[in-house]
There are 2 protein chains.
Amino acid sequence: MTFQKRAHKILELLEEFGEVEIRQLATKIDVSEVTVRRDLTAMAASGLLYRTHGGAMKISEVIKPVSFVNKAASNIKAKDAICKRAAEDVIDGDVIFIDCGSTAFRLCQFIKNKKIKVITNSLPVVNELLDSAVTINLIGGEVDVTRQAVHGITAYEHIAKYRASKAFLGVDGITVEGLYAGSEHEASNTLAMALQSDCVYMLCDASKVGKTSYLRFNDLSLVNILVTNYNNPDVTEFRTKGISVLSVTV
Amino acid sequence: MTFQKRAHKILELLEEFGEVEIRQLATKIDVSEVTVRRDLTAMAASGLLYRTHGGAMKISEVIKPVSFVNKAASNIKAKDAICKRAAEDVIDGDVIFIDCGSTAFRLCQFIKNKKIKVITNSLPVVNELLDSAVTINLIGGEVDVTRQAVHGITAYEHIAKYRASKAFLGVDGITVEGLYAGSEHEASNTLAMALQSDCVYMLCDASKVGKTSYLRFNDLSLVNILVTNYNNPDVTEFRTKGISVLSVTV
DNA sequence: TTTTTTATGATTAATTTTGATCGAATTAAA
DNA sequence: TTTAATTCGATCAAAATTAATCATAAAAAA
């Protein structure tokens with residue numbers, strides 16, 4: 001029995017059962033377990049199967065970590081912690097802006113039962129708050145399909161008509177030098193909301209703090225309160241710039 | 001039972017129940033709780049699930065896919081026939097208003113692949129057209145939760161800023177005497193859209209024609225074209241009033 | 001034929017996996 | 001708030017699996 005014949009047999013069994021054990025294979029093919037192990041190692045190297053402890057699996061049966069991983073998902077805990085803390089400051093009667101973006105979105109779950117007005121340009125936020133106690137004001141304008149949010153001049157003018165007590169915003173990067181966005185549109189919305197709010201909360205998980213991005217759209221003075229899980233000595237730099245920093249632990 | 005198999009099983013259970021407890025998993029997979037805990041930790045690190053105290057939760061997608069639903073229950077066949085006929089008049093380059101309401105909603109499926117701009121205050125319409133060829137302009141303002149649409153003064157002003165070649169509207173009732181709506185808000189939106197359009201299409205299934213309702217908000221002159229499955233001799237009355245009537249059969 | 005290479009099997013040490021235990025941390029309850 | 005009950009993370013030990021080493025047998029090359 002040559003290697004090629006064994007490989008063929010193994011692939012057949014794999015196709016049939018989805019997985020195989022070394023013990024079984026050794027008996028079935030009538031070779032030693034050592035040989036089977038060697039075969040599997042070679043086949044795995046060629047990408048014909050996925051090697052597991054004690055056997056092998058069909059490639060398609062395996063959870064491919066890379067394709068499954070939602071990069072942002074790993075930060076969900078941080079984002080939730082940040083938003084939970086931020087939500088504590090929201091009181092009945094507030095009128096608040098909620099930015100689009102994955103961080104600010106997670107604020108929704110914590111404010112669902114408050115008697116407040118929410119002004120937002122984010123469709124997911126609207127969807128999430130539809131069956132809640134809050135009153136929703138949706139900012140109008142052109143819909144950015146990829147971002148699932150409304151942008152553009154009309155949106156900007158719409159925002160300018162309202163006044164809120166608090167704004168919960170996100171950015172792509174924040175340093176002591178200023179605020180960074182990934183696009184003009186994002187920046188324009190975030191800026192407009194900030195300008196129309198008494199108190200600006202910036203929600204940034206650790207991956208955003210100290211990072212720069214495509215466009216520096218404003219200096220740090222726009223921000224009143226930074227909520228973050230970034231627990232590094234240099235948050236004091238933000239404090240010296242007059243920003244209140246709310247540190248949360250994940 | 002290898003880690004891969006357990007992971008597979010855990011993800012399945014997670015998909016089904018949304019959350020799982022370590023105790024349950026240990027029993028179900030027949031391994032110790034320690035092992036389950038280790039599995040969950042590993043999977044959480046890869047972003048496959050959201051670790052909680054005592055178990056795990058399904059990771060909610062970063063941005064929950066927007067899913068506004070339109071419970072267009074009655075007369076779907078008639079409404080589809082009407083909208084199919086109306087959609088024939090929509091050509092590339094058009095800018096069109098689409099009203100909220102179950103009838104106008106069904107126009108979406110027929111215009112998805114046209115290169116047009118759609119201005120609407122209906123959340124289900126936006127949702128339906130998100131992954132299509134059309135450019136969407138969402139009218140801003142206060143969100144009417146029950147109607148899943150945007151209403152109010154801001155919405156009215158927003159509409160007034162745009163000009164469209166065609167408007168596809170619905171009403172609660174239409175007679176030779178005029179147009180009837182179920183509420184002030186509906187009427188205000190429908191009227192605003194009509195005033196900003198070169199050609200006004202009224203989409204009415206047979207149950208609406210010849211019926212009156214709560215509020216008569218305008219006379220018939222607002223309408224250019226009536227699309228309906230109402231096949232009754234007295235549609236001629238509409239024609240004598242200067243309305244083109246497009247009759248469809250179901 | 002002889003030598004060299006390759007494939008296989010046996011043996012053993014290293015690694016991985018699993019389960020148990022215990023103090024620390026977290027959550028729930030009083 | 002304090003207290004009690006879980007749950008967690010770390011460490012350790014046992015079992016299983018693997019990788020490495022070596023010896024033998026078969027195949028290929030000289």
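Order of the sequence lines sets the chain letters (A, B, ...), proteins ahead of strands, with each chain counted from 1. Just the heavy atoms: all of them, side chains too, but no hydrogens, waters or symmetry mates, feed the values below.
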Fill in the blank from the handout: Separation between CG (A:N218) and CG (A:L195), nearest 0.5 Å, reads 7.5 Å
Problem - Spacing between A:L25 atom CG and C:dG9 atom P, to the nearest angstrom - result: 14 Å
Handout entry: Interatomic distance, A:R23 CZ vs D:dA16 P [rounded to whole Å]
Key = 8 Å
Exercise for the section: Starting from P on C:dT27, measure out to CZ on B:R51 and report it in whole angstrom. Expected result: 12 Å
Fill in the blank from the handout: For B:Y214 and B:E184, the nearest pair of non-hydrogen atoms, with its separation, is CE2-N, 4.4 Å
Exercise for the section: Starting at atom NE2 of A:H53, determine the distance to atom P of C:dT16, rounded to an integer number of angstrom. Expected result: 8 Å
Practice task
Inspect the contact between A:D198 and A:R163 and indicate whether a charged nitrogen and a carboxylate oxygen are less than 4.0 angstrom apart.
Solution key: yes
Fill in the blank from the handout: Closest to the side chain of B:I22, out of D:dC8, C:dT18, D:dT18, is D:dC8
Practice task
Grab the two heavy atoms, one from A:V176 and one from A:F238, that are nearest each other, plus how far apart they are.
Solution key: N-CE2, 3.9 Å
Problem - Sidechain-backbone polar pair: A:S46 side chain, A:L48 backbone, donor-acceptor under 3.5 Å - result: no
Practice task
Kindly compute the distance separating CG (B:N121) from NE2 (B:H185), expressed to the nearest 0.5 Å.
Solution key: 11.5 Å
Practice task
Quickly work out the A:E21 CD to C:dT17 C1' distance and round it to whole Å.
Solution key: 15 Å
Practice task
Starting at atom CZ of B:F3, determine the distance to atom C1' of D:dT17, rounded to an integer number of angstrom.
Solution key: 17 Å
Problem - DNA chain D contacts made by residues 28-46 of chain A, counting heavy atoms under 4.0 Å - result: A:R37
